[in-house]
There are 2 protein chains.
Amino acid sequence: MSTNLAPPQRKKAGEKRDPTATRRALLGAGARLFSEKGYDAVSVEDLARRAGVNKALISYHFGGKRGLYTAVLESGFAEVADRLRVVEEAADARAGLHRFFGVFEDMTRRRSDFPALFLREAVSRGIEPAVVPHLLAIMGTTRRLAERGHREGLFRKVDPLLFHFSLVGALGFFFATEPARRRAAAHVRFEMPTPRAFIHHLEEMTLRGLAPEPSPIAKQQSNKRKGART
Amino acid sequence: MSTNLAPPQRKKAGEKRDPTATRRALLGAGARLFSEKGYDAVSVEDLARRAGVNKALISYHFGGKRGLYTAVLESGFAEVADRLRVVEEAADARAGLHRFFGVFEDMTRRRSDFPALFLREAVSRGIEPAVVPHLLAIMGTTRRLAERGHREGLFRKVDPLLFHFSLVGALGFFFATEPARRRAAAHVRFEMPTPRAFIHHLEEMTLRGLAPEPSPIAKQQSNKRKGART
DNA sequence: GTCTATAGGCTGATAGAC
DNA sequence: GTCTATCAGCCTATAGAC
């Protein structure tokens, strides 16, 4: 269910066009606006204007504002879950991890709205039921990656769920806050970190963090006991 | 500027009480509701009801809904920035990192609303100007921690900003999504990861990730060349 | 499928009595 | 400081013409 976020593409009043173009324009406008301002801060009038479409069409095509939101959200989650399947096809877990990060880096460009959409939804009460299957698929990917790495002797044993949250949290946060950083950078002096640099940093931290050697905490505690740790 | 989120504490109509109690009740209600539903989804009527206070008092004491929101946000950021100062007083960078995580673990209990509040704000366009100083203070803490660790020979050299985003993103995401997980756990079977376990996982990953040894990527690429890493 | 016009509800703020 | 009453504005949804 991939939805290229079609540019506004205004129509002259009364003109009858391809109905799927209307749907696509609305999905694109929804992705942009819901991600920027959050569900409640966006009005159907905003959405219609951005899509270059009459606001009554939101109810006609999606059954209302909430229906449009759900459709936008679901298409985003579906695409991520779909693209993450390449992780499983990698030669080994280490390559799989690399592909995992690659998918997120790609998303920066193809669906730059998604991270904020995702984060807002994650923080909200009650995740939209329609996206639960995709969410489980994504969590399954990281879980199998962690387990596979351990089986292959490439990763130490870690809790797959904690592994998942730390990766997804860091990635989601970085990409969702990129617009905020860009705006901040315009006012105060601020070196803008690139997505590429962040991904590289996180991959490096993760690979080192997963390397199957004894814990540095344990190592240090037995090596030198100098106390004073609270 | 610590604000114990006072329990609702209803008053009988017309009764004159301590004015600061009203302010505290409103701040507590704001922390809870804004964090749960986001700024736009909360009405002044919701806030007043939860605080057990007349809705006109929001304008009187805070100049309006937005003013209350800003006050809530600022008190949260101020408290985090304040408590993070113990990081600098640690014996070495490793102990400082441990304290850093300890502060976040504490926050789970003392200000469980804050992570969601923080994440929502971070994703939104235009961070509230009032919190910028505190935000810079927090970023300064992680930056100095990374630099100190490198000086002391405990950490490899990493970009302090990237280090900051990966830590704060992972922590913020985990804690902000805890209510969502709790609700999900009530419906589908789901082992709930504890804050303690997550913090431990992240600290372990971070310490290993920062250990001053050669990159496992470089190591692996020279050790065994089996290709297929798309 | 698209558009206009409008209904009906809720929102945030405040004037003015106490 | 607190409360009641009220207002103007915006919101989403829809009936009905085209």
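Owing to the predicted nature of the structure, the values given are computational and were not obtained by experimental measurement. These numbers come from the heavy atoms of this one structure, side chains and all, not from hydrogens, waters or symmetry mates. Naming convention: chains lettered A, B, ... in sequence-line order (proteins, then strands); numbering from 1 in each chain.
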Trainee: Centre-to-centre under 6.0 Å for B/Phe173 and A/Phe173, is that the case here?
Mentor: no
Trainee: B/Asp46 CG to C/dA13 C1': how many Å, rounded?
Mentor: 16 Å
Trainee: Can you tabulate the close N/O pairs, meaning under 3.5 Å, that link protein atoms to atoms of nucleotides 14-16 of chain C?
Mentor:
none

Trainee: Just verifying a value: how many Å separate B/Leu171 CG and B/Glu105 CD, rounded to the nearest 0.5 Å?
Mentor: 10.5 Å
Trainee: To the nearest Å, how far apart are A/Phe62 CZ and C/dT2 P?
Mentor: 11 Å
Trainee: In this structure, how many angstroms lie between the C1' atom of C/dC10 and the CG atom of B/Leu47, rounded?
Mentor: 15 Å
Trainee: Hey, does the side chain of B/Thr22 come within less than 4.0 Å of D/dG1's phosphate (OP1/OP2), counting only N and O?
Mentor: no
Trainee: Ring centroid separation for B/Phe175 and B/Phe114, is it under 6.0 angstrom?
Mentor: no
Trainee: In whole Å, what is the span from the CZ atom of B/Arg23 to the P atom of D/dT2?
Mentor: 11 Å
Trainee: With no hydrogens and no angle check, do the side chains of B/Glu121 and B/Tyr69 hold a donor and an acceptor under 3.5 Å apart?
Mentor: yes
Trainee: What N/O pairs connect the protein and nucleotides 7-9 of chain D at under 3.5 Å? Give each pair on its own line.
Mentor:
none

Trainee: Does the side chain of A/Arg49 come under 3.5 Å of the side chain of A/Ser43 through a donor N or O and an acceptor N or O?
Mentor: no
Trainee: Let me confirm one number: the CD1-CZ distance from A/Ile127 to A/Phe77, rounded to the nearest 0.5 Å.
Mentor: 7.5 Å
Trainee: Nearest 0.5 Å, please: how far is CG in B/Leu119 from CG in A/Leu119?
Mentor: 4.5 Å
Trainee: Please state how far atom CD1 in B/Ile58 lies from atom P in C/dA13, giving the value in whole angstrom units.
Mentor: 9 Å
Trainee: What is the distance, rounded to the nearest whole Å, between atom NZ of B/Lys37 and atom P of C/dC10?
Mentor: 13 Å
Trainee: Can B/Arg32 and B/Ser112 be counted as having a side-chain donor-acceptor contact under 3.5 angstrom?
Mentor: no
Trainee: Quick one: B/His61 NE2 to C/dG12 P, roughly how many Å, whole number?
Mentor: 18 Å
Trainee: Is it the case that more than 12 heavy atoms not belonging to B/Arg183 sit under 6.0 Å from its CZ atom?
Mentor: yes
Trainee: Could you pick out which residue, B/Asn54 or A/Val44, lies toward the 5' side of DNA chain D when each is mapped onto its nearest nucleotide?
Mentor: B/Asn54
Trainee: Can you tell me how far C1' of C/dT11 sits from CG of A/Asp40, to the nearest Å?
Mentor: 13 Å
